[in-house]
Amino acid sequence: MKKILWCGGSHAGNAKGPIGAIFPDFENTFYITAGPTNLRWSRDGGRYSVKGSIVGANGRSPSEFHDLADYDRIVFIGHWIQPQRFMKGPAPLSDAVLDEMFPEADFLINSPTKIYNEVLEVFPRLAPGRCVLLCDPLSNMLELTQVPVRAKVRFLEKAAEFCAARRIGFVSQPETTLNTKMVTKRKFNRRDGDFIHMNDRFWKSYLKKVRDYMDGQGANP
Amino acid sequence: MNPYEILPSAAFWKSGVVSANPYKMEGIYRKKFEIDRTARIATAGSCFAQHISRHLNKNGYRVLDVEPAPLGLPREKHLAFGYSTYSARYGNIYTTRQLLQLAREVAGEFIPENVAWQKGDRFVDAMRPAVEPKGLQSRSEVTLHRRHHIKMVEKLFKQLDIFIFTLGLTETWLHRSTGTVYPTAPGTIAGTFDANEFVFQNESYDEVLGAFEECQEIIKRIRGGRPFKVILTVSPVPLTATATGNHVLVATSYSKAVLRSVAGTLSARHEHIDYFPSYEIVTNPRLHSTAFADNLRSVRDETVEFVMGHFFAEHPPVASAKDAPNEESAGDDAKEDVQCEEALLEAFGR
């Protein structure tokens, strides 16, 4: 049976059930590599233990280790890939400004608000060609809803370029989950007042796209 | 006995200038009013105003920024795109006529003509040509950006308690038929110069003064009559070039004399207007032009430091009063963290 290591935080948690439904023929292992605890740990200078292809000892699970060589796929779900960390509100943004905001080299690794996305830097290096990135669902909070659509499109384009340069597979959320402002339709919100986390219907739709992508790539990438 | 006998040393050239410490001049500035630590300050004007804005921020004053840089734009790129420079992204406002025009546009009383200037295959906003150095894709994109900018300036005018403005120039270029005024001559940064379309104007004392007075009235009207205070400065930076036909030194003297006179008149005429003499501190002959860089135009950083030292001697640095936006963001982050932790617990039970 093929093995997938699902890495992330709350979005991975929300997707856990749908993952079981969409990937029943895989051995699915979850590793909490994002979430607030890991973010604080990383900001405080915490770094993964890396020995060969074995990684672990993050802020959330100091005694947990995984050998990336054991997995056919390593999938990052979300992992602080949030345009609202880069731009908020309705101000129009020129191409030149957007280019400066999203330099291909590292904009998803070193992001505003002191995010060092170590997992995105280290894991693909240890497991080349086997990693896949799913962006965070585009939050329907007002501040991101107001951001010009063009800027959000550019963010995703640059994220795709970033992944291509690192041989990371990139799967954006299905267009059917987005409204005309290019944020996630509210019917997918997990609960009232939470504009970030999405429900099972959303994740099933997204994971179906991921499954199609993986199947299209062949069992052995 | 004569009337000069009782005057302080600052009243005499010898004691007030020749033998005085030019870096710490006693009595050169006496504030007219207090700046409350919670006062919302707006800055605008010619390039010297950038320094004032930066130093006020550094010293804890609440300088408004209604068009902040996007979070993802590196700090070192802000200036190049006109962010974090003034309280809005209007670039340099050199003349009172330019300021008046902006206020009239905000009030819906004026629509500037010929706003999108071509630069190669790109377009720039002629009213603030330096804020997008690479230009925008189309004329309609210029309009879109400008519409947002004007909305933000309206917000600024409504919010501010104190307006700090640096008077920079008297020379300006106008659109002949509509009177639209531009901060730079067409064809310098962008656009094309056509003598039939554009005309040079060197503003008189009355024109500079009148424009500022009218501008104040418009801003007050936008604010529903709510009063505000003003601090004026005159830029000590000489003209790069003059279109008057005079020698640039003569043109500079004219320009600075007019602006300084207007600032003096406004300060004397209105209780709510103060004048801060940065111009005099920088151009003090005691400094033998060492206040300037080698080009004898740019004001050295260390000069700005001691100029602002005079300001802060009267308006002491305050403990930061910056509030709302940061606290709101912190609140959002905390809420988001709780939601994320809940999702993790729900899914993984740990």
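The sequence lines fix the lettering, A, B, ..., with proteins before strands; numbering per chain opens at 1.
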Pick one of side chain, backbone, both or neither for Leu73(B), based on which atoms fall under 4.5 Å of a heavy atom in chain A.
-> both
Highest number of heavy-atom pairs under 4.5 Å with chain B among Ala151(A), Ser94(A), Pro148(A) belongs to Ser94(A)
Side chains of Glu132(B) and Val97(A): closer than 4.5 Å at any heavy-atom pair?
-> yes
Let me know if Thr37(A) has heavy atoms under 4.5 Å from chain B in its side chain, its backbone, both or neither.
-> both
Kindly check if the number of other-residue, nucleotide or ligand heavy atoms within 6.0 Å of NZ (Lys119(B)) is above 12?
-> yes
Asp192(A) atom CG: more than 12 heavy-atom contacts under 6.0 Å = no
Evaluate the side-chain proximity of Met87(A) to Leu71(B): yes if any heavy-atom separation is below 4.5 Å, no if none is.
-> no
Is it the backbone or the side chain of Arg122(B) that comes under 4.5 Å from a heavy atom of chain A, or both, or neither?
-> side chain
Lys209(A), NZ atom: more than 12 neighbouring heavy atoms under 6.0 Å = yes
Can you see which heavy atom on Gly13(A) is nearest to which on Phe348(B), and at what distance?
-> CA-CE1, 3.6 Å
State, to 0.1 Å, how close His148(B) and Pro92(A) come at their nearest heavy-atom pair, and which atoms those are.
-> CG-CD, 3.3 Å
Where Gly72(B) and Pro112(A) come nearest, the two heavy atoms and their spacing = CA-CG, 3.6 Å
With a 4.5 angstrom heavy-atom cut-off, could you sort out which part of Glu141(B) is near chain A: side chain, backbone, both or neither?
-> side chain
Would you say Lys185(A) has more than 12 foreign heavy atoms packed within less than 6.0 Å of its NZ?
-> yes
Verify the neighbour count for atom NZ of Lys208(A): are there more than 12 heavy atoms of other residues, nucleotides or ligands below 6.0 Å?
-> no
